[in-house]
Peer 1: 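Handing you this structure, nothing more for now.
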Amino acid sequence: SQQGEEDPQALSIQEGENATMNCSYKTSINNLQWYRQNSGRGLVHLILIRSNEREKHSGRLRVTLDTSKKSSSLLITASRAADTASYFCATGTGGFKTIFGAGTRLFVKA
Amino acid sequence: ETGVTQTPRHLVMGMTNKKSLKCEQHLGHNAMYWYKQSAKKPLELMFVYSLEERVENNSVPSRFSPECPNSSHLFLHLHTLQPEDSALYLCASSQDPAGRGDTQYFGPGTRLTVL
């Protein structure tokens, strides 16, 4: 079964609104990462949060991690049309296996 | 540009063909990865090399054969593929010789179609 599962599967918002995506996972982790993918392209790393961290910011991105609930959220504030992409969470559990979820497809309408 | 390049970007091949995908990283990283991304499925890890040694092999069919001649180059040799192997194949690298699950840098992918 998947380690990371994103919710919602798809999200459509207006430009300027905030977008929140959630990720749940099943086992203990060393870190959790969020990646972005534009259609048919490679993934781009956004942010990494370690298991002993609770919140991290990078520009318009805010990531939270709740290890007791085994969940994380990615907030994009003041969204732009260029934020339209798929967003994936990925869990690092030790070793080389980083397990990716199925992703949330975000569509930001101009 | 992430510093990871992949060629070709698109490949169409018949089931009896033999082809190779190439990945090159210009980041000085120690670990390289092959992933398969099929429509509506999570990214699937296929192989991992660390310091040119294969450290992960995720039950991938033998019709996929990886090769890592040095820490900057990674190949995926393909032969007698099936139509269900059609997918986006992504290469990634990381500065992670100890396997801590750190940030990976992805190439743009090769879109493979098997007829």
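Residue numbers begin at 1 in each chain, while the letters A, B, ... track the order of the sequences.
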Peer 1: Mind checking whether V55(B) and L76(B) sit in one hydrophobic cluster, side chains of I, L, V, M, F, W, Y counted as touching below 4.5 Å?
Peer 2: no

Peer 1: Within a 6.0 Å radius of atom CD on E84(B), are there more than 12 heavy atoms belonging to other residues, nucleotides or ligands?
Peer 2: yes

Peer 1: Rounded to the nearest 0.5 Å, how far apart are CZ of R41(A) and CZ of R111(B)?
Peer 2: 11.5 Å

Peer 1: Do V4(B) and F75(B) land in one hydrophobic cluster if side-chain heavy atoms of ILVMFWY residues count as linked below 4.5 Å?
Peer 2: no

Peer 1: Mind checking whether V63(A) and M21(A) sit in one hydrophobic cluster, side chains of I, L, V, M, F, W, Y counted as touching below 4.5 Å?
Peer 2: yes

Peer 1: Counting heavy atoms not belonging to Q9(A), are there more than 12 under 6.0 Å from its CD?
Peer 2: no

Peer 1: Is any side-chain heavy atom of D102(B) closer than 4.5 Å to one of N31(A)?
Peer 2: yes

Peer 1: Which atoms of R50(A) are under 4.5 Å from chain B, going by heavy atoms: the side chain, the backbone, both sets, or neither?
Peer 2: side chain

Peer 1: Indicate yes or no: at least one non-hydrogen side-chain atom of L43(A) is less than 4.5 angstrom from one of L90(B).
Peer 2: yes

Peer 1: About how many Å separate CG of L45(B) and NZ of K97(A), when rounded to the nearest 0.5 Å?
Peer 2: 7.0 Å

Peer 1: Does the side chain of Q37(B) pick up a donor-acceptor pair with the side chain of Q37(A) at under 3.5 Å?
Peer 2: yes

Peer 1: Is it true that L112(B) and M46(B) fall in one hydrophobic cluster, defined by side-chain heavy atoms closer than 4.5 Å?
Peer 2: yes

Peer 1: What is the ring orientation for Y105(B) with H45(A), classed by angle as parallel under 30°, tilted 30 to 60°, or perpendicular over 60°?
Peer 2: tilted

Peer 1: Are F100(A) and E44(B) close enough that some pair of their side-chain heavy atoms sits under 4.5 Å apart?
Peer 2: no

